[in-house]
Amino acid sequence: MTQPFRFLTLFFPILATALLLGCEKSAEEQKAVKPAEPKTDNRPITIVILEKTEEDHLDLRSVIVREFKALDLGAPSFVSATCDQFLQQPLEGDLVLYPPQLFGDLVYRDLLRPIPGYIVESEPYRMSDVLRNQRRIFCMHRKERYATSLGVTSLMLLCRTDVLKANGLEVPTTWNEYESVCLKLATARKNGSLKGMSPDKTWSPTIEPLASRWKATTLLARSASSVRSRNRYSVCFDYSKWNSLIDTPPFQKSIQQMKTVHDLMDPKHRGMTPREAEQAFRLQQSVLCLSWPHPVSEGSALEKGKLEGAEAHLIPGSSSKFDFSSGKWNRSPADERQVQMIGVGGFCASVLRSSPLSSVATRRLALISGKELSEPIGLANPESGFPYRASHLNRSSEWVSRKYDAPFVESFSKVIEKQFDATTWIVRPRVQKAEQYELAMANEIEAVFQGKSTAEATREISARCNQISESVDIEFQKQVNLESLGVK
């Protein structure tokens, strides 16, 4: 045997042993960093729900208790407070369920605990099943996840396409068309030539949610397609200085259009929530409606019969966008004419920083917003529930009133997919003191409805918003603004 050959025969066993030891070491290292599999733990947790009254979400509570008991996880306890109360004096608990616009306040106050990546990638949560923009926008801050969606909603255009067709009209795709259709319907109603609807009911050409702060939400949804485009970081506020942009042509135009339509609505329809507006639409009190379908109890009188001829569509948009830097309007790209505002309503869920059972609470978070339990829990909260998973879309009929027929359910599913596949969107403000900004808008919008000039109102809104901004962390606001627009 030659010397080189003897060397190789000795070297390869040594090399093989070294590689084996190296693999074992690598496996040990991987085992050390991989999170341990969660153990079954039935210690009950406390869930804080931010709501107006304890009666607001009784069904939601009972369904969570039922599902936890079925899995032998221990019945959770509940405490509640309004958003303002909780910010002033946070309640003790493990999970908190809250409207998405409160996200900025909770994160800034360091009240939320980041969610480990392995939790949202786990089998109970199944992040790949969550619709894209719901997956990203309401949970991330500085590249860490802080929340999951429990059904975050957006406005859509509900319309009686049969009535529009009978009166020679088409589904409006821009706000100018929408205003024109409303005026034509109101004129036909007044002169007795309206076809396809009973003339003896409380009636409006359209119903928009204008109760309390919903006026501000409706304004922002209407303005989205005029102010939002790719690579634009300033929408409601100037990104570099954080001055309000409300006192500019696109918002002034939207408020004036809101007043025109408001004046066409029956007085009984002028102060409704999205739920109330959609209920009136189901009762055939309007041809159009800005809202979304809400499930209702099976025994409700509203469920008798089918509402045929109704469809869901994306809300109207704008054929032109306003350039804040030049002060001019430019033609909108075809794929940016109907920009959606998401996060209009709904619930998010987070783990509280102060939770003494944070590991247990984190696994419960994955369950209540996960693939298995999210549907019964979402359907138990019909005021804010919204399909937010691909698997939900396979059962879209469960998420809407049984009064709607199959074609409506199909159109509803398509709108959901379009909204959350969009590459350009706007989010209901989730910065610090978002509700104070919205209240400033809502008060002045109501003043316009009562006769105040739009120009004066937008000046007042901007002045009030700039005053609020003096008491917030501007750098934090800018960061949250970028994250809301999908910029990391």
Side-chain angles (χ1 to χ4, degrees), residues 99-101 151-161 163-164 171-173 175 178 181-182 185 202-224 254 257-258 261-262 264-266 268-296 300 302-303 307 309-317 338 340-347 378-379 381-388 396-397 399-405 408-409 411-416 418-420 428 438 442 445:
Q101 68 270 23
V152 176
T153 61
S154 45
L155 292 176
M156 57 184 66
L157 178 66
L158 310 180
C159 58
R160 289 285 304 277
T161 51
V163 176
L164 292 177
V171 177
T173 59
W175 292 111
Y178 173 82
V181 167
C182 289
L185 288 169
T202 301
W203 184 88
S204 297
T206 190
I207 304 175
E208 300 186 2
L210 300 175
S212 187
R213 291 186 178 92
W214 285 107
K215 287 187 282 289
T217 308
T218 301
L219 168 65
L220 296 178
R222 275 174 159 269
S223 305
S254 292
Q257 288 178 327
M258 284 177 67
V261 173
H262 167 273
L264 296 175
M265 290 165 54
D266 187 282
K268 294 180 181 178
H269 294 152
R270 292 176 181 172
M272 289 185 160
T273 64
R275 182 177 178 80
E276 292 167 339
E278 191 247 343
Q279 181 182 46
F281 175 79
R282 288 200 311 262
L283 291 172
Q284 303 187 56
Q285 294 180 6
S286 71
V287 181
L288 305 172
C289 178
L290 297 184
S291 185
W292 62 85
H294 297 69
V296 295
S300 171
L302 289 173
E303 300 308 289
L307 180 61
E311 291 181 354
H313 291 265
L314 292 174
I315 61 170
Q338 288 175 283
Q340 305 302 300
M341 186 174 81
I342 59 181
V344 166
F347 260 179
L379 292 174
N381 187 20
E383 188 167 349
S384 56
F386 210 62
Y388 58 95
S396 293
S397 60
W399 294 83
V400 303
S401 162
R402 287 173 174 77
K403 193 170 182 68
Y404 293 116
D405 59 13
F408 178 90
V409 174
S411 68
F412 171 64
S413 296
K414 289 180 180 178
V415 170
I416 295 291
K418 288 179 181 178
Q419 286 179 335
F420 294 113
R428 185 177 181 182
E438 291 186 8
I445 293 169

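Numbers here are sequence positions counted from 1. A quick note: this is a predicted structure, and the numbers were derived from the prediction, not measured.
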Return yes if some donor-acceptor pair links the side-chain N/O of Trp214 with the main-chain N/O of Thr273 below 3.5 Å, else return no.
no

From OG (Ser397) to CZ (Phe412), nearest 0.5 Å:
10.5 Å

Donor-acceptor pair, distance only, cut-off 3.5 Å: does the side chain of Gln285 make one with the backbone of Ser204?
no

Any non-hydrogen side-chain atom of Phe386 less than 4.5 Å from a side-chain atom of Ile342?
no

Testing the 3.5 Å rule here: is there a donor-acceptor pair between the side chains of Glu208 and Thr218?
no

Between atom CH2 of Trp203 and atom CG of Leu283, what is the distance when rounded to the nearest 0.5 Å?
15.5 Å

Got a second to check how far Lys215's NZ is from Glu438's CD, nearest 0.5 Å?
12.0 Å

Apply side-chain contact (heavy atoms from CB on, under 4.5 Å) to Thr202 and His269, showing your working.
CA-CA 9 Å; Thr202 301; His269 294 152; 3.8 Å; yes

If we only count heavy atoms from C-beta on, is the Met156 to Ile416 side-chain gap below 4.5 Å?
yes

Measure from the side-chain N and O atoms of Arg270 to the backbone N and O of His262, and report whether any donor-acceptor pair falls under 3.5 Å.
yes

Drop me the distance from Thr206's OG1 to Phe281's CZ, to the nearest 0.5 angstrom.
9.0 Å

Shortest non-hydrogen pair, Ser286 vs Arg160, comes out as O-CG, 4.2 Å

Do you know which two heavy atoms are closest between Ser411 and Ala312, and how far apart they sit?
OG-N, 2.9 Å

Given side chains that start at C-beta, do those of Val181 and Pro205 come closer than 4.5 Å, heavy atoms only?
no

Is there side-chain contact between Gln101 and Thr217, with heavy atoms separated by less than 4.5 Å?
no

If only atom types and distance count, is the side chain of Thr173 paired as donor or acceptor with the main-chain N or O of Pro316 below 3.5 Å?
no

Look at the side chain of Arg282 and the backbone N and O of Leu307, then say whether any donor-acceptor pair between them is shorter than 3.5 Å.
no

Minimum heavy-atom distance Cys159-Leu288, with the two atoms named:
CB-CD2, 3.3 Å

Trp292 side chain near His294 side chain, heavy-atom distance below 4.5 Å
yes

Indicate yes or no: at least one non-hydrogen side-chain atom of Gln338 is less than 4.5 angstrom from one of Leu157.
no

For Ala442 versus Ala216, what's the shortest heavy-atom pair and its separation?
N-CB, 4.1 Å

How long is the straight-line distance from CE of Met272 back to OG of Ser291, given to the nearest 0.5 Å?
10.5 Å

Of all the heavy-atom pairs spanning Gln340 and Leu155, show the shortest one and how long it is.
OE1-O, 4.0 Å

Evaluate the ring planes of Tyr178 and Trp175, with Trp represented by its six-membered ring, and classify them as parallel (under 30°), tilted (30 to 60°) or perpendicular (over 60°).
perpendicular

Smallest heavy-atom separation, Pro293 atom then Glu278 atom, equals CA-OE2, 3.6 Å

Taking C-beta and beyond as the side chain, do Leu185 and Leu164 meet within less than 4.5 Å on heavy atoms?
yes

Separation of Lys268 NZ from Ile207 CD1 (nearest 0.5 Å):
12.0 Å

Side chains of Pro100 and Arg428: does their closest heavy-atom pair fall under 4.5 Å?
no

For Ser223 and Leu220, indicate whether the former's side chain and the latter's backbone hold a donor-acceptor pair under 3.5 Å.
no

